[in-house]
Amino acid sequence: VNHDLRGNENLKPETGLSAFLHLKKNWKVNENLRSQNKLSLWKISLKDKIELVTVNDAPLQYSYMNVDHYDTQGITYTNDLKFKNFLLGAGATLTGIKQDLNDVLNTNEKYFYTLNLNAQAAWNIPNINTTLSLFYRYNGEQELYTMRTNENGDAYYAKGVQEAYSWLDASIKKSFWDDRFELTFGARNLLDVKSIKNTTESASGHTEASSNMMLGYGRSFFLKFLYNLKLN
């Protein structure tokens with residue numbers, strides 16, 4: 001998310017327990033219609049979890065720290081549907097996180113739930129060796145720790161909320177000369193998301209401080225050219 005990451009020589013190793021359950025089911029209606037489904041549930045309990053913390057908002061800087069108690073549980077469902085030359089995929093994840101840092105006052109011990117969604121669509125056109133693709137991702141609100149400074153100039157950690165945002169990418173890929181050449185033109189961040197807000201509890205705990213976190217540089221376009229040597 002950012003290249004300005006500060007180390008922490010006082011980090012402790014993580015310890016904990018985790019449990020996962022995965023259920024998969026594939027359906028084949030006929031040669032043209034197939035479906036893949038997956039349902040996952042998990043529970044993770046960690047002590048001294050290593051977490052990225054915002055130490056400066058502008059320019060955006062992160063550092064690593066230990067969270068004394070970290071507990072997460074959630075459920076994920078994904079479905080991929082293929083019909084002839086069309087591929088459609090969708091998924092949803094509901095994650096509950098409960099984390100506690102002893103240095104933070106007024107810590108909420110309840111689970112903070114976040115909803116993440118993703119979808120993709122692709123259309124393969126064989127007669128012109130071209131594939132059109134579209135990718136969408138919704139990132140729900142997330143809880144995070146941020147380093148703040150009180151009236152006396154002393155640094156402390158506070159818990160805040162990072163707002164939700166959406167991300168949309170698209171691309172066109174075409175192959176030439178028996179698939180030896182591949183040309184892709186695409187666009188990233190079509191929704192032009194540049195920054196998102198986060199609110200963090202102040203030192204007094206009675207008011208909230210709001211700031212913007214830089215997420216990206218806005219909408220961008222790319223052109224990629226690949227050549228397959230086919231040495232095998």
_So, using side chain to side chain contact (heavy atoms under 4.5 Å, CB included) as the criterion, who are the partners of K82 when residues are at least two apart?_
L87
*Taking only residues two or more places apart in sequence or in another chain, which ones pass salt bridge (Lys or Arg N to Asp or Glu O under 4.0 Å) with K43?*
D71
*asked:* If we check side chain to side chain donor-acceptor pair (under 3.5 Å) with T93, which of these qualifies: N118, T76, T78?
replied: T76
_Set of residues satisfying side chain to side chain contact (heavy atoms under 4.5 Å, CB included) with respect to L41, sequence neighbours excluded_ = L21, L39, I75
*Would you call Q120 and D80 a side-chain contact if the rule is heavy atoms closer than 4.5 Å?*
yes
_Using 0.5 Å steps for rounding, measure from the CG atom of N139 to the CD1 atom of I196._
8.5 Å
*Taking only residues two or more places apart in sequence or in another chain, which ones pass side chain to side chain donor-acceptor pair (under 3.5 Å) with N124?*
T131
*Mind checking what makes salt bridge (Lys or Arg N to Asp or Glu O under 4.0 Å) contact with E51, not counting sequence neighbours?*
K49
*Does any pair with a residue in residues 14-25 pass side-chain hydrogen bond (donor to acceptor under 3.5 Å, both in side chains), and if so which ones, sequence neighbours excluded?*
H22-S40
*Once you round to the nearest 0.5 Å, how far does CG of L94 lie from OH of Y113?*
7.0 Å
Listed pairs under 3.5 Å, donor-acceptor, residues 216-229 side chains, sequence neighbours left out:
residue : atom : partner : partner atom : Å
R219    : NE   : L190    : O            : 3.0
R219    : NH2  : L190    : O            : 3.0
N228    : OD1  : K230    : N            : 3.1

*salt bridge (Lys or Arg N to Asp or Glu O under 4.0 Å) against E9, all qualifying residues, sequence neighbours excluded*: none
*Enclosure of K194 NZ (heavy-atom neighbours >12, cutoff 6.0 Å)*: no
Show the atom names and distances, to 0.1 Å, of all donor-acceptor pairs under 3.5 Å that link a side chain in residues 162-170 to residues at least two apart or in another chain.
residue : atom : partner : partner atom : Å
E163    : OE2  : K197    : N            : 2.9
S166    : OG   : Y136    : OH           : 2.8
W167    : NE1  : D169    : OD1          : 3.2
D169    : OD1  : N189    : N            : 2.9

*For W27, what residues pass the ring pair (Phe, Tyr, Trp, His ring centres under 6.0 Å) criterion, not counting sequence neighbours?*
none
_From N8 atom CG to L52 atom CG, the distance as rounded to the nearest 0.5 Å_ = 11.0 Å
*Quick one: are Y77 and N79 in side-chain contact, heavy atoms under 4.5 Å?*
yes
*With no hydrogens and no angle check, do the side chains of Q99 and Y111 hold a donor and an acceptor under 3.5 Å apart?*
no
*Say you draw a straight line from CD1 of I44 to CZ of F20; how long is it, rounded to the nearest 0.5 Å?*
4.0 Å
*Close side-chain approach of N66 to D68, heavy-atom, < 4.5 Å*: no
*Quick one: does Y64's side chain get under 4.5 Å of L5's, heavy atoms only?*
yes
*Using salt bridge (Lys or Arg N to Asp or Glu O under 4.0 Å) as the criterion, list what pairs up with R6, not counting sequence neighbours.*
D4
_Please report the interatomic distance CH2(W177) to CD(E182), rounded to the nearest 0.5 Å._
15.5 Å
*Kindly indicate whether the side chain of S171, heavy atoms from C-beta on, has any atom under 4.5 Å from the side chain of T184.*
yes
*asked:* For N26, give me all partners under side chain to side chain contact (heavy atoms under 4.5 Å, CB included), at least two apart in sequence or on another chain.
replied: Q36
*With rounding to the nearest 0.5 Å, note down the distance linking OG in S175 to CZ in F181.*
11.5 Å
*With a 3.5 Å cut-off and no angle check, do the side chains of T114 and N116 form a donor-acceptor pair?*
no
_Close side-chain approach of L11 to D48, heavy-atom, < 4.5 Å_ = no
